[in-house]
Amino acid sequence: MATLKLKDFRKSFGKVEVIKGVDLEIGHGEFVVFVGPSGCGKSTLLRMISGLEDITSGTLEIDGRVMNDLPPKDREVAMVFQTYAIFPHMTVRENMAFGLTIARASKQEKQQKVAEAARILQMEHLLDRHPSQLSGGQRQRVAIGRAIVRNPKVFLFDEPLSNLDAALRMDMRMEIGKLHEQLDATMVYVTHDQVEAMTLADKIVVLKDGRVMQVGTPMDLYHDPGNLFVAGFLGAPSMNFLQVDVQTVEGDDAKVGNAALKPINVAHKDRLNGSGKAILGVRPQHVEAAAPGEGMLLGTVEFAERLGSETVVDMVLKDDSKFIAAFNEDKVFEPGQTVDLVFDPAQAHLFAPSDEVETVH
Amino acid sequence: MALVSAENRGLRLAARYATLTLVALVFMFPLVFMVVSSFKPDQQLLSDTSSLRAFLPVGDISLDNYYAAFRRAPIGLFMLNSVFVTVTTVLLSILLCSLAAFSFVFLEWTGRNVLLTIILATLIIPFETIAVPLLLFVSKLPWLGMEGIAWGWLNTYRVQIIPWIVDALTVFLFVQFFKDLPRELIEAARVEGASWFMIYRKIVMPLSGPVLATAAILKSLKMYNEQYLWPLIVVQDEAHRPVMVGLGYFFQLQIAWGEVMAYLTLISVPVIGFYLLMQRAFISSIASTGVKG
């Protein structure tokens with residue numbers, strides 16, 4: 001267990017700055033997930049913590065101690081890689097004991113710690129096999145076992161589940177969650193998969209272009225995204241963004257509407273910039289069908305995806321903007337059909353138009 | 001698409017085998033000629049060359065040439081010299097070239113790319129052009145031995161070994177192989193606490209089987225088969241002479257061809273044995289590098 005503190009963290013490769021000043025505090029036993037689109041710098045950030053990449057400027061503290069210039073081996077971190085990175089010429093047992101062998105631990109200590117980690121991961125029967133005889137999930141388990149054995153201060157995971165198939169990914173995700181509870185260790189986890197981020201994290205750090213966009217609990221980020229990027233990045237299908245005109249502002253509320261949307265009152269959270277324009281975010285799941293003529297929006301169906309438990313409908317609004325609605329039941333929609341839509345304004349989010357629109361589908 | 005009839009396929013297969021057999025025979029003939037001739041007296045050997053008998057062990061067959069060859073030259077000594085020089089050079093070469101390549105690929109230091117380029121550029125320099133400068137150089141080098149410092153390396157094993165340990169091709173083979181090793185394995189080992197030397201010893205080298213075989217094979221063949229000019233000029237005494245220079249004993253006033261063939265047959269035994277031992281690795285190394293020694 002350990003605390004981690006990143007202060008004005010920066011990284012440049014040549015003249016290109018990829019991490020542009022990250023400040024972050026991670027508490028004892030927290031499970032923190034770095035999430036963001038590819039190229040946002042999340043893996044680089046993790047590698048800077050591990051010591052595999054130099055820190056161009058800023059400081060890294062683990063348990064109050066500055067780690068900037070220490071090599072990876074002296075940082076007491078363990079890392080699990082996307083490609084597993086287990087040593088193909090060693091047995092599972094040797095792989096897991098590698099760190100202890102390097103540290104010249106006694107045979108007894110190695111045996112005991114490997115046995116303990118194998119028990120936690122339920123892989124006692126695999127210890128004498130070679131990696132080539134293991135499946136992808138088992139290999140990743142070995143990599144996690146290797147990390148556990150060393151009892152590090154911080155566990156670092158670099159997209160550990162990306163190479164696994166969907167079913168296995170779900171199993172391993174739950175196991176990593178359980179492992180965190182069991183070990184009560186500080187973990188930093190990098191992923192581009194928002195489901196992993198939402199389900200595992202105590203705290204999510206959303207990154208874009210080397211900057212932190214928002215930090216918070218998964219539900220904070222989902223229910224109260226601080227900017228358009230976070231709003232569009234979390235949630236699937238992603239949030240709808242409507243270009244609206246601000247008609248009046250009264251107290252905490254603003255009255256907004258446009259050619260397709262009947263005027264509604266939405267909390268503005270001091271995000272308006274006085275231009276008279278704004279962007280309204282509405283999650284597809286918060287939309288419901290209304291009786292004909294009673295909707296706030298009128299959508300024309302382009303196509304519908306029936307998933308059994310829900311129906312996702314792509315629509316076009318009167319002002320030609322796209323709109324997605326996700327209905328919580330199995331419904332039939334025909335292309336060309338018009339649907340009246342309503343949503344609770346309290347669940348909608350208002351953003352300033354200067355906060356560039358970036359939706360990630 | 002028309003189906004190829006069974007008969008047609010059979011014909012094609014036969015043609016292919018015939019071609020391969022022919023090619024194999026062309027390569028086998030000199031070897032067979034050498035071995036067969038080593039058992040024949042000179043007169044018969046020369047008259048047989050005009051017919052297929054040259055490749056058949058017929059006529060006056062005996063081991064006389066071998067007895068004569070052993071009387072003429074200390075063959076055992078020459079072979080021991082060659083094997084010693086070869087084995088020592090190969091082992092040191094693998095150690096030093098792989099360490100150099102490890103540094104070029106995994107460590108970060110200024111100028112490494114320039115240095116690697118310079119080393120690789122030496123591939124295009126033929127040995128003959130540096131033989132004389134190198135001779136002058138080694139003739140003046142000191143050596144700390146049992147009896148204190150001695151000057152000049154001529155007539156020793158070290159003069160046949162040390163200049164040949166590091167070569168651009170071997171470094172290049174290791175560099176290429178190391179570059180293809182998964183980067184994460186090295187990084188995982190670093191995070192686990194391994195020092196660079198430990199990574200070299202415990203991760204990189206154990207995974208380098210194929211390139212070790214390639215490097216060892218190419219270097220062995222070069223050291224045993226092709227070391228002629230250099231030992232000829234730096235070794236004047238018999239005690240350190242390798243097999244290829246030893247061949248000169250048989251080209252005196254009158255050339256005894258039978259003895260030459262006997263000598264060649266004998267000195268080929270270690271190479272052929274080595275080949276049979278390493279056949280698989282040898283073929284795959286040629287296939288993978290496109291290089292032949």
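- Nearest heavy atoms, B:L207 versus A:P88: CD2-CG, 3.5 Å.
- For A:R146, the parts sitting under 4.5 Å from any heavy atom of chain B are the backbone and the side chain alike.
- Within 6.0 Å of CG on A:D54 lie no more than 12 heavy atoms contributed by other residues, nucleotides or ligands.
- Rounding to the nearest 0.5 angstrom, the gap separating the CG atom in A:L100 from the CD atom in B:E192 is 8.5 Å.
- Enclosure of atom CZ in A:R65 is not indicated, since only 12 or fewer non-hydrogen atoms of other residues, nucleotides or ligands lie within 6.0 angstrom.
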Notebook entry, point to check: When you look at B:E187 and A:R47, which way does the side chain to side chain contact (heavy atoms under 4.5 Å, CB included) test go after all the steps?
Noted result: CA-CA 10 Å; B:E187 295 182 338; A:R47 293 167 58 85; 2.6 Å; yes

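- A:G51 approaches B:R190 most closely through the heavy-atom pair O-NH2, 3.8 Å.
- Residue A:L156 does not touch chain B at all, counting heavy-atom pairs closer than 4.5 Å.
- Heavy atoms of B:L185 lying under 4.5 Å from chain A belong to its backbone as well as its side chain.
- Heavy atoms from other residues, nucleotides or ligands lying under 6.0 Å from CE of B:M205 number more than 12.
- By the 6.0 Å contact criterion, CD1 on B:I125 is enclosed, its count of non-hydrogen atoms from other residues, nucleotides or ligands being greater than 12.
- A distance of 11.5 Å separates CZ in A:F81 from CZ in B:R183, rounded to the nearest 0.5 Å.
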Next item on the list: Step by step, work out the side chain to side chain contact (heavy atoms under 4.5 Å, CB included) result for B:K202 and A:T101.
Entry: CA-CA 11 Å; B:K202 299 222 165 197; A:T101 308; 4.1 Å; yes

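- Pairing each heavy atom of B:G193 with each of A:K73, the nearest pair is CA-CB, 3.1 Å.
- For CZ of B:F127, the number of neighbouring non-hydrogen atoms (other residues, nucleotides, ligands) closer than 6.0 Å is greater than 12.
- Taking all atoms of both residues into account, the shortest heavy-atom contact from B:A188 to A:A85 is CB-O, 3.8 Å.
- The line from CD1 of B:I199 to CD1 of A:I102 is 8.0 Å long, rounded to the nearest 0.5 Å.
- No more than 12 heavy-atom neighbours from other residues, nucleotides or ligands sit within 6.0 angstrom of CZ on B:F172.
- The contact between A:F87 and chain B is made by backbone and side chain atoms together, counting heavy-atom distances below 4.5 Å.
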